[in-house]
Amino acid sequence: MAYNNDSEAFPTAVKILIAGGFGVGKTTFIGSASEIEPLSTEELITTASVGTDDLVGVEDKSTTTVAFDFGRITFASQHVLYLFGTPGQDRFWFMWDELCTGALGAVVLADPRRLDASFAAIDFFESRGVHFLVAVNEFDGAFHYEPEEVRAALKLDPRTPVVLCDARDSRSATTVLVALVQSLFSAARPT
Amino acid sequence: MAADDDEIWTDEKAGRLVRPYTVSNGRTSPTNKLDLLSMVKATGRSARAQLDPDLALALHLCHDPTPVVEVAAHLKLPAVVTKVLLSDLIDCGAATTHAPRPAADPTDRSVLEALLHGLQQRL
Ligand SMILES: Nc1nc2c(ncn2[C@@H]2O[C@H](COP(=O)(O)OP(=O)(O)OP(=O)(O)O)[C@@H](O)[C@H]2O)c(=O)[nH]1
Ligand SMILES: [Mg+2]
């Protein structure tokens, strides 16, 4: 096919994932950081059924719809940052390769009243080698933890940053993104 | 970046009145390699009047470079189906895209610097 060779004509889109358990404030966070109201769409993904691994050649796949939302921040540098919210309740997004592919990193939001809701996202990014930080969405200070307490409760690697935020506040959400990019810098620095 | 989506024919109870696969004639494999963030742009080299309504709307949404995912959100169609429509527009010369780009490298300092600078300006 004929591609447009003038790639200057196209901004460079990059993506950061906003993950965490059900109802932790992902959509709220995206709306606060984004220059647009969050948009939502869906994708059809192929899911291999569990337990058929040894039935070689047997086609046992089905498609599932995964809904997700996203926001956008446009920079003067011809870069456009997309924030993709992973589906909260639905476990199938773990099988959706395209979502993770090419992500610069991820923010795992955690609700201090139920930190365990974000375990699955943490395990997933650790296993995929996606760089992430944990942002505790303080929900009006319902529960106040120090970052180190959260780190211990979530059994995080000492290098994984933990920050506190208010997902409803655009400055706070943007600060979380800054912290993620800064930690990507440290990870990129040759030792 | 994208235009309003009033033109989509929907019914409050039934949702979109056309089944997603009907729109793409049942196809789910686009002929072009597009991903969610591939940018697509109308070339201005086609008469919108000759296109199916969904194609015409997709083209309208790509007046400025717009990624597949935004077109999908405005069309209210799954991303796979949107990729087929956009791919058809590219094949007929009505739209264009960039060559597939390598996935953003999380250790690419120039990208990180642009992001850091841009984000800090928003604080
Ligand atoms: N008080 C308070 N409420 C919040 C905060 N963040 C989110 N909420 C509320 O919590 C609820 C869930 O927030 P969402 O942003 O929809 O959470 P989500 O993670 O996108 O949820 P799912 O997509 O359903 O998993 C909403 O009613 C929000 O208004 C916060 O920082 N403080
Ligand atoms: Mg949500």
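Quick caveat: nothing in here was measured; it's all calculated off a predicted structure. Proteins come first, then strands; the chains are lettered A, B, ... in the order of their sequence lines, and each starts at number 1.
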| task | Taking all heavy atoms of L36(B) and all of W96(A), pick out the closest pair and write down the distance. | result | CD1-CZ2, 3.8 Å
| said: Grouping I, L, V, M, F, W and Y whenever their side-chain heavy atoms are under 4.5 Å apart, do F132(A) and F68(A) come out in a common cluster? | reply: yes
| Between CG on residue L104(A) and CG on residue L112(B), distance to nearest 0.5 Å | 6.5 Å
| task | Locate the shortest heavy-atom distance separating A33(A) from R122(B); write the atom from each residue and the value. | result | O-NH2, 3.4 Å
| Is it the side chain or the backbone of F185(A) that comes within 4.5 Å of chain B heavy atoms, both, or neither? | both
| Hey, quick one: are I122(A) and V150(A) part of the same hydrophobic cluster, counting side-chain heavy atoms closer than 4.5 Å, chains of contacts allowed? | yes
| field | residues 160-179 of chain A: residues contacting chain B (heavy atom under 4.5 Å, by number) | value | R171(A), T174(A), T175(A), L177(A), V178(A)
| Is there a side chain to side chain contact (heavy atoms under 4.5 Å, CB included) between T96(B) and F10(A) once you walk through the steps? | CA-CA 10 Å; T96(B) 176; F10(A) 296 93; 4.1 Å; yes
| query | Are L115(A) and L156(A) linked, directly or through other ILVMFWY residues, by side chains that come within less than 4.5 angstrom of each other? | reply | yes
| task | Evaluate side chain to side chain contact (heavy atoms under 4.5 Å, CB included) for L39(A) paired with H74(B), printing each intermediate quantity in order. | result | CA-CA 8 Å; L39(A) 291 169; H74(B) 287 287; 3.9 Å; yes
| message | Which one wins on heavy-atom pair count under 4.5 Å against chain B: I45(A), I73(A), L81(A)? | response | I73(A)
| message | Same cluster or not: L61(B) versus V80(B), using hydrophobic residues (I, L, V, M, F, W, Y) connected whenever any side-chain heavy atoms lie under 4.5 Å apart? | response | yes
| Which pair of non-hydrogen atoms, one from M39(B) and one from P11(A), has the smallest distance, and what is that distance? | CG-O, 3.7 Å
| Heavy-atom proximity to chain B below 4.5 Å, by part of H79(A) | side chain
| request: State yes or no: do V71(B) and I90(B) share one hydrophobic cluster built from I, L, V, M, F, W and Y residues joined by side-chain heavy-atom distances below 4.5 Å, directly or via other members? | output: yes
| said: By the side chain to side chain donor-acceptor pair (under 3.5 Å) test, which pairs, at least two apart or in different chains, include something from residues 98-110 of chain A? | reply: E98(A)-K83(B)
| query | So which part of Q121(B) gets closer than 4.5 Å to some heavy atom of chain A, the side chain, the backbone, both or neither? | reply | neither
| Which is it for H117(B) and F75(A) under the side chain to side chain contact (heavy atoms under 4.5 Å, CB included) test, yes or no, and what are the steps along the way? | CA-CA 9 Å; H117(B) 182 72; F75(A) 300 120; over 6 Å; no
| field | Point-to-point distance, once rounded to the nearest 0.5 Å, from CD of Q182(A) to CG of L119(B) | value | 10.0 Å
| task | Step by step, work out the side chain to side chain contact (heavy atoms under 4.5 Å, CB included) result for E42(A) and K76(B). | result | CA-CA 8 Å; E42(A) 58 185 45; K76(B) 298 184 169 47; over 6 Å; no
| remark: Most contact-rich option vs chain B, by heavy-atom pairs under 4.5 angstrom, among G102(A), S77(A), A76(A), is G102(A)
| Best-contacting candidate, D108(B), T43(B), L115(B), V69(B), against chain A by heavy atom pairs under 4.5 angstrom | V69(B)
